[in-house]
Number of protein chains: 2
Amino acid sequence: MSGTQILDSLLALSQVLEADQARELERRGLTQPRTHLLWVLYQGGPVTQAHLAEAIGVTPRNVTTLVDALEATGFARREAHPTDRRAVLVHLTERGLSIMETMDAEHDALGSDLVAGLDDETVRVTADALQHVLTTLQRLVAEHAARQDEQAEPS
Amino acid sequence: MSGTQILDSLLALSQVLEADQARELERRGLTQPRTHLLWVLYQGGPVTQAHLAEAIGVTPRNVTTLVDALEATGFARREAHPTDRRAVLVHLTERGLSIMETMDAEHDALGSDLVAGLDDETVRVTADALQHVLTTLQRLVAEHAARQDEQAEPS
DNA sequence: TATTGTTATACTCTATAACTATA
DNA sequence: TATAGTTATAGAGTATAACAATA
């Protein structure tokens, strides 16, 4: 059945993409969680650690560790929040900005390279189908989670 | 450009698939590395820890930890190797076998559910395109790695 | 009272290095 | 001499809980 074939290709692609990315990041002195944090800074400008915790889906405690590491390696820096003395604003350094620009460009290049050799119509159909699969998956996951909650607390 | 759109869908799909899987595994008292190990046992029968280390791509030291955890939680067990007194054979327990069968069936069901609502021709085109994208990615990664090695040791 | 970020602690996965028992 | 698995140790990511400073 082709559905299984699509899922297996998706899983294989995930694995290869992630392994390649991890190798690249290590070469540059980064890790995936730290890069995720830098990406949020690259997209949304200087933000508080509480905002980062929410954005990347970890506890504030772990943001402390990630920012410590990124400060130590020169990719980000803390600055005092102008109005809230409890908070800090995390900024990209020049080095951090430069590496995010590089990775952004590499991402675009990879997007093009991956479909080299496929004709435009195939690319269009595939892009639409993947969008549909993603939407379907999100719906399935949401339904699944709802069912679990129901079983957990049948109030 | 649609190439970028495909890559972005792939990355989003990876993320949702992995998050959903992690949630499911936690509910069952498993983790991804432990499940990977169980999957190898499910596919290839009882094997040595050295074989497992090779198969799942971690050091033998870490297989010790993973098998310890799987023994403690009742999914796998060690047995003496019949001819090599240095080695142990890791077996699935009944519980381990049962959960792998369940997950195997869920995987198949997900494969079908994901493409529900797409017509057969679209599924066929998409499956072929993803296969092509996977092959292309593997080639790109291999070339990339070769270039890095070259730079590292220009003997 | 609520929020921001930190210290304290613990668990999982990963790695290298040194060691024991056995091939 | 080489291999199988372990103990020892370290680093990274994740979590909860308790706490200080500030809102």
Side-chain angles (χ1 to χ4, degrees), chain A residues 15 18-19 21-41 46-73 75-91, chain B residues 15 18-41 44 46-73 75-91:
Chain A
Q15 202 177 331
E18 191 169 324
Q21 198 202 356
R23 209 164 344 102
E24 269 304 287
L25 292 179
E26 187 184 3
R27 197 173 60 80
R28 291 173 163 148
L30 281 170
T31 63
Q32 284 177 351
R34 292 177 197 178
T35 306
H36 190 176
L37 196 157
L38 292 183
W39 183 251
V40 173
L41 293 180
V47 290
T48 63
Q49 292 190 186
H51 179 103
L52 287 170
E54 169 72 23
I56 70 185
V58 299
T59 60
R61 174 62 185 91
N62 295 317
V63 174
T64 298
T65 309
L66 292 173
V67 174
D68 283 352
L70 288 168
E71 267 196 321
T73 47
F75 293 104
R77 66 171 188 280
R78 289 178 169 98
E79 289 198 5
H81 192 289
T83 62
D84 186 339
R85 287 200 296 169
R86 296 170 305 180
V88 300
L89 286 180
V90 185
H91 294 246
Chain B
Q15 202 178 331
E18 191 169 321
D20 182 51
Q21 197 201 356
R23 207 165 343 102
E24 268 305 288
L25 292 178
E26 187 184 3
R27 198 174 59 79
R28 290 172 163 149
L30 281 169
T31 63
Q32 284 176 353
R34 293 177 197 177
T35 306
H36 190 176
L37 195 156
L38 292 182
W39 183 252
V40 173
L41 294 179
V47 290
T48 63
Q49 294 190 182
H51 179 103
L52 287 170
E54 169 74 22
I56 69 185
V58 299
T59 61
R61 172 61 184 91
N62 295 318
V63 174
T64 298
T65 308
L66 292 174
V67 175
D68 283 351
L70 288 167
E71 268 196 321
T73 47
F75 293 104
R77 65 171 189 279
R78 290 179 169 97
E79 288 198 4
H81 191 289
T83 62
D84 186 338
R85 287 200 297 168
R86 295 170 306 178
V88 300
L89 287 179
V90 184
H91 294 247

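Note that this is a predicted model, so its numbers are computed, not measured. Naming convention: chains lettered A, B, ... in sequence-line order (proteins, then strands); numbering from 1 in each chain. Quick note: numbers below take in every heavy atom, side chains included, and nothing from hydrogens, waters or symmetry partners.
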First encountered from the 5' end of DNA chain D, between P60(B) and I56(A): P60(B)
First encountered from the 5' end of DNA chain D, between R78(B) and R86(B): R86(B)
Residues forming a salt bridge (charged side-chain N to carboxylate O under 4.0 Å, His left out) with R61(A), sequence neighbours excluded: none
Side chain of [X]: nearest nucleotide among [options]?
X      : options                   : value
L66(A) : dT14(D), dT16(C), dT4(C)  : dT14(D)
R34(B) : dT12(C), dA23(D), dG13(D) : dT12(C)
D84(A) : dA4(D), dT14(D), dT4(C)   : dT4(C)
R85(A) : dA23(C), dT14(D), dA23(D) : dA23(D)

Student check: side-chain heavy atoms of E18(A) and E18(B) closer than 4.5 Å: yes
Would you please confirm or rule out a distance under 4.0 Å between OP1 or OP2 of [N] and any side-chain N or O of [X]?
X      : N       : result
T59(A) : dA15(D) : yes
Q49(B) : dT6(D)  : yes
T64(A) : dG5(C)  : no
T65(B) : dC13(C) : no
Q32(A) : dA12(D) : no

Could you tell me how far apart [X] ([atom1]) and [N] ([atom2]) are, to the nearest whole angstrom?
X      : N       : atom1 : atom2 : result
L25(B) : dC13(C) : CG    : P     : 11 Å
R23(B) : dA15(D) : CZ    : P     : 14 Å
N62(B) : dA12(D) : CG    : P     : 16 Å
E18(B) : dC13(C) : CD    : P     : 14 Å
R61(B) : dT20(C) : CZ    : C1'   : 15 Å
E71(B) : dG5(D)  : CD    : P     : 13 Å
L89(B) : dA4(D)  : CG    : C1'   : 12 Å
D68(A) : dA12(D) : CG    : P     : 12 Å

N62(A) and T65(A): CA distance, side-chain angles, deciding distance, side-chain hydrogen bond (donor to acceptor under 3.5 Å, both in side chains) verdict: CA-CA 5 Å; N62(A) 295 317; T65(A) 309; 4.9 Å; no
Sugar-phosphate only, base, or nothing, as touched by V88(A) at under 4.0 Å among non-hydrogen atoms: sugar-phosphate
Salt bridge R78(B)-D68(B), side-chain N to carboxylate O under 4.0 Å: yes
Salt-bridge present (E26(B), R23(B); N to O < 4.0 Å): no
